[in-house]
Amino acid sequence: GELEWWERLAVQLLYIKHGEGDARKAYLPLLPSRHGGALCWSDGEMELLAPSAELISRVRRQKERLRVSYALLGGGKVTFDQWVWAVQCVTSRAFAM
């Protein structure tokens with residue numbers, strides 16, 4: 001399967017973070033060190049959303065997509081949590097000029 005644009009950008013972000021000699025690495029401290037939100041919630045926390053089955057379904061689909069794309073990448077020296085962090089950094093930023 002082919003990666004979406006945001007997955008490719010997340011890969012680039014992780015490459016910068018874990019690589020050496022990239023001048024863009026100086027900008028990483030400007031990004032959040034961790035994210036909140038439903039992607040980071042446990043199953044128990046998700047159950048608190050029980051009245052909103054559609055929201056739970058969407059979050060679960062998104063988590064599954066992240067697991068699939070992480071598997072496609074082969075993991076390597078990047079953990080799943082680091083992958084989620086990179087995706088959240090990429091998808092929580094504005095790109096329009």
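From a predicted model like this one, the values you see are computed outputs, not experimental measurements. What's counted below: heavy atoms across the whole structure, side chains too, no hydrogens, waters or symmetry copies.
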From Glu4 CD over to Thr91 OG1, what is the distance, rounded to the nearest 0.5 angstrom?
12.5 Å
Flag yes if more than 12 heavy atoms outside Arg34 fall under 6.0 Å of its CZ atom; otherwise flag no.
no
One should read off an interatomic distance between Asp22 CG and Lys17 NZ, to the nearest 0.5 angstrom, of 14.0 Å
Can you confirm whether Tyr15 is buried at OH, in the sense that more than 12 heavy atoms of other residues, nucleotides or ligands lie under 6.0 Å from that atom?
no
If you define the side chain from C-beta out and look only at heavy atoms, does anything of Gln82 sit under 4.5 Å from Tyr70?
no
What heavy-atom pair brings Trp83 and Ala10 nearest, and what distance separates the two atoms?
CZ3-CB, 3.6 Å
Among residues at least two apart in sequence or on other chains, which ones pass side-chain hydrogen bond (donor to acceptor under 3.5 Å, both in side chains) with Gln88?
none
All heavy atoms of Ser92 vs all of Cys89, minimum pair found to be OG-O, 3.4 Å
Student check: side-chain heavy atoms of Leu9 and Leu13 closer than 4.5 Å
no
Please check if Val84 and Trp5 belong to a single hydrophobic cluster, counting links between Ile, Leu, Val, Met, Phe, Trp and Tyr side chain heavy atoms closer than 4.5 Å.
yes
Using a 4.5 Å cut-off on heavy atoms from C-beta on, say whether the side chain of Leu14 contacts that of Leu73.
no
Distance-only side-chain donor-acceptor flag, Ser69 / Arg65, under 3.5 Å
no
Quick one: does any side-chain atom of Lys25 pair with a main-chain N or O of Gly19 as donor and acceptor, under 3.5 Å?
yes
Separation of Thr79 OG1 from Trp85 CH2 (nearest 0.5 Å)
11.0 Å
Should the pair Arg67-Glu64 be classified as a salt bridge under the 4.0 Å nitrogen-to-oxygen rule?
yes
Euclidean distance, Ile56 CD1 relative to Leu48 CG, rounded to 0.5 Å
9.0 Å
Please determine whether the number of non-hydrogen atoms from other residues, nucleotides or ligands lying under 6.0 Å from atom CZ of Arg8 exceeds 12.
yes
